[in-house]
Amino acid sequence: MTRRLSGIPASLQRGFRRSVHRAAAAGLLAAALAIPGTAALVAAPAMAQETPVRGGVLNSIVQPEPPTLMLGLNQQGPTQTVAGKIYQGLLTYDRKLNPLPSLAESWTVSPDGLTYTFKLFQNVKWHDGKPFSAADVVFSTSKFLMEVHPRARAVFSRCESIKALDDHTVEFKLKEPFPAFIQAFEVSSAPIVPAHIYEGSDYRTNPANNTPIGTGPFKLKEWVKGSYIQLVRNEDYYKKDLPYLDGITFRVIPDAASRSLALESGQVQQTQYSDLEPFEVPRMKTLPNVTLTTEGYEFVAPMAWLEINHRVKPLDDKRFRKAIAYAIDRKFIRDKIWFGLGRVPTGPINSVVKFYDPKVTTYEPSPEKAKALLDEMGLKPDAKGVRATVKLMPMPYGETWTRLGEYLKQALGKVGVAVVLESTDAAGWAQRVANWDYEITTNFLYQYGDPALGVARTYISSNIRKGVLFTNTMGYSNPKVDELFDQASRENDPAKRQEQYSEVQRILSDDLPVVWLLEMEFPTFLDKRVKNANTTAIGVNDTYESVWLAK
Amino acid sequence: MLGFAQLFASRLVKAAAILIAIVVMNFFLVHAAPGDPAMVMAGEAGAADEKFVAQLREQFGLDRPLYEQLGTYVAKVVQGDLGFSYRQQRPVWDILAERLPATLVLTLTAFLLALAAGVALGTLAAIAVGTWADSAITVIALLAYATPIYWIGLMLSLLFSIQLGWLPAFGYETIGAGYTGLAHVADVAVHLILPVITLALFYMASYARLTRASMLEVRGLDFVKTAKAKGLTQSRIVTRHVLRNAILPVITVAGIQAGQLVGGSILIETVFAWPGIGRLAFEAVLQRDYQVLLGIFLVTSIMVILFNILTDILYGLVDPRIQVSQ
């Protein structure tokens, strides 16, 4: 999951954003139009240059600045965007989440679903000139990632054996079928790292972590902490004539308003994920020099929800959780808080992820139904109209989440559920959620292309683990749900798997262990000169080998 | 002169004791915040298991008892070692040294500019008290003092970078330009203009107001009348007699602010993406990067103490009536 702090606490930012907005609204538009060169770009016919040209530097933003670019050790969102150009996985994925070649040229899966064989590209070299081979893949997946990467550890521990059949062929044998396995080779899920640098060393303290050596189309040239990260073309890249770009520069711009200015003034040609706050999006959309897309986040497919601690009464009663679901208007949240970014969810699986089923219990906004459920529970309003009091700790990840907290307080207050807002910072939030020290919080998790990889972890009772984030922190437990997720994860027949996942979605949408709020979409702004960017389900985190800049 | 040496020595001894107390207090303060760096990193990764957090805690030394961690830290600090940032995998001193030039060039330039302009404007206002010049200076100073500096920063950036396109909106230097020598200095200077003006405006306002008020007070004192009676020129009265006596409160405030120069300015650095210490400190708080935070606290404390001593000495120089004594 990407966690991008916006740099300044929301409370600090709010005041000046408003003032900036008002003053800027008039001036900025005029300013944007006045940028030299912009007008010419817009005027140029679209068909003028569709043959890729070499050269040029793409400028983007990296925010917050990651602690390291060694992707195996750190999978923070910004690390992925930058290091996804330096490191590669075996596969990447199209918008429908079907595998595409990356370091692997081709692959086969045995009919019993137990053996995965990958043929690797020839002539691949590490950035230090050493040849890349199957041994690097075996080392990465069986040793390096098993030691340091929680998500990869969960996947590759399902392997009976990982072997290099020859220099360019790797075979994974699974202990039991796990059809989601093919989704596990994306660059941040399983980055391939150089065995000749890491084998036998202490991975976390290896000095090479500061000078990442990958196989990707771009190499790290310079990282001036606090200012920028500069990547340059890998002249020895194994695909002829690629990449097109001379380099990519990621600038560290901690202030959200300044990030908007950077895009408006053309100083950066790309923004991604949470670089811009959703409330900036409607205004930026009207700029003549950029295009907005929300595609390219299908692999992460974030789902936001109200996370409810089932150990606290009356939150353990599903009628209460349903009352919450009826009390809130999720279309309002999408339209007014996220400014139209995202989709209203129906159940636990994001609609862009495989095995999504819309035929589930849904909750249209209805304060009457909410009140009826609370009445049924015996929660009658007191003299002040309060039926129950709950504590809500909004996620400290920027202004938008704070606004969501304020909306929820209002919406729940209308049905007699008083909300006490609690504030905290990222470290405090992580500590309290992991240790179950909360009543309700907001949260969002990535789904990683398959329910077995990104959805089951939130609901299965074997994943109730105190002190660990992104587990079943609610304490929800339903043996039928456990069984269905377990069966589906091992089922080779897609039709049967669909049945199992459909059933689990029906059960969950009725049990309502969490209240799903939004299938989140992130805005990607691209300057109109940038071509071929953002073509896969990994979007801005992909290699950018075939991205080019129109002159 | 002996007095100076004695004072200096005794002040240094006191300072050392204060510093140790500061180190210990800060240590407990930063550890009192909920969460730890391992948890932060688990949160950022978006996935975690027991092993991940346990490995990080072990690597960071967070699995040791707190008093043991304190002992290790103090022992290092006493030897001049500020510790190691496990998050960034680098010694704290390196991280600070990397940010110090950017911070100092920003805060020192702004400080000197503010001091010069502030005292000049304050003096001008005091001489011309009651006239339109005085009113204009007072109003401008009040506005600059009361307006949030990040707002001024954003507005200046809108005007000079976006509208007019004269100055870069943010950053420390032109990326990838590879300037050296004078070209590099000029490049940094151009980037420096907006943040320095923004930061200086605020301080300038306080110095101007202080100078004006103090000068008006001194102006009415008997010795000024005597000076006038002696037939001294107006300019000599203002510079030698009024200003010299009125400057003491300004020195006091400037001394306090000078001590904070090395701490940078979180807001300015954030708005202008300036790679300084202020932002580093702010990020270290959010990331619970204990050692970096403690390092910044320590360096800032040392600067504050040093500037306090310097201010005291300066008092004596400006006003010989203030005796150096204990």
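Remember, it's a predicted structure, so these values are computed and weren't measured experimentally. Proteins come first, then strands; the chains are lettered A, B, ... in the order of their sequence lines, and each starts at number 1.
- Side-chain contact between B/Pro275 and A/Val224 is absent, with no heavy-atom pair separated by less than 4.5 Å.
- Looking at A/Asn435, only its side chain comes within 4.5 Å of chain B, counting heavy atoms on both sides.
- A salt bridge links B/Arg288 to A/Asp425: one of the charged nitrogens lies within less than 4.0 Å of a carboxylate oxygen.
- Counting only distance, with no hydrogens or angles, the side chain of B/Gln55 and the backbone of A/Glu147 share a donor-acceptor pair below 3.5 Å.
- Here CZ of B/Phe170 is found 10.0 Å from CG of A/Asp255. Values are rounded to the nearest 0.5 Å.
- Between the NZ atom of B/Lys51 and the NE2 atom of A/His149 there is a distance of 13.5 Å, given to the nearest 0.5 Å.
- Only the side chain of B/Leu56 comes within contact range of chain A, with at least one heavy atom under 4.5 Å from a heavy atom of that chain.
- Interface remark: A/Thr424 contributes no atoms to any contact with chain B (heavy atom separation under 4.5 Å).
- Looking at A/Thr249, the atoms closer than 4.5 Å to chain B (heavy atoms on both sides) all sit in the side chain, from C-beta outward.
- Distance CE/B/Met39 to CZ/A/Arg432: 12.5 Å, rounded to 0.5 Å.
- When each of B/Gln88, B/Gln59, B/Glu173 is checked for heavy-atom pairs under 4.5 Å with chain A, B/Gln59 comes out on top.
- Atom CG of residue A/Asn209 and atom CD of residue B/Gln89 lie 7.0 Å apart, to the nearest 0.5 angstrom.
- By number of non-hydrogen pairs under 4.5 angstrom with chain B, the leading residue of A/Ala434, A/Pro66, A/Ala262, A/Gly247 is A/Ala262.
- With hydrogens and angles disregarded, a donor-acceptor distance shorter than 3.5 Å links the side chain of B/Arg279 to the backbone of A/Gly226.
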key: Steps toward side-chain contact (heavy atoms from CB on, under 4.5 Å) verdict (A/Leu261, B/Ser157)   = CA-CA 9 Å; A/Leu261 291 185; B/Ser157 158; 3.6 Å; yes
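- Residue B/Glu50 touches chain A through both its backbone and its side chain, counting heavy-atom pairs closer than 4.5 Å.
- Taken from OG in A/Ser265 to CD in B/Gln163, the straight-line distance is 12.0 Å, to the nearest 0.5 Å.
- Heavy atoms only, all atoms of each residue included: A/Val252 and B/Ala273 are closest at O-CB, 3.6 Å.
- Counting only distance, with no hydrogens or angles, the side chain of B/Thr270 and the backbone of A/Pro254 share no donor-acceptor pair below 3.5 Å.
- Between A/Pro64 and B/Glu283, the closest side-chain pair of non-hydrogen atoms is not below 4.5 Å.
- Between B/Asp49 and A/Arg153, some side-chain heavy-atom pair lies under the 4.5 Å cut-off.
- Residues B/Ala42 and A/Leu469 approach most closely at C-CD1, 4.2 Å, considering heavy atoms.
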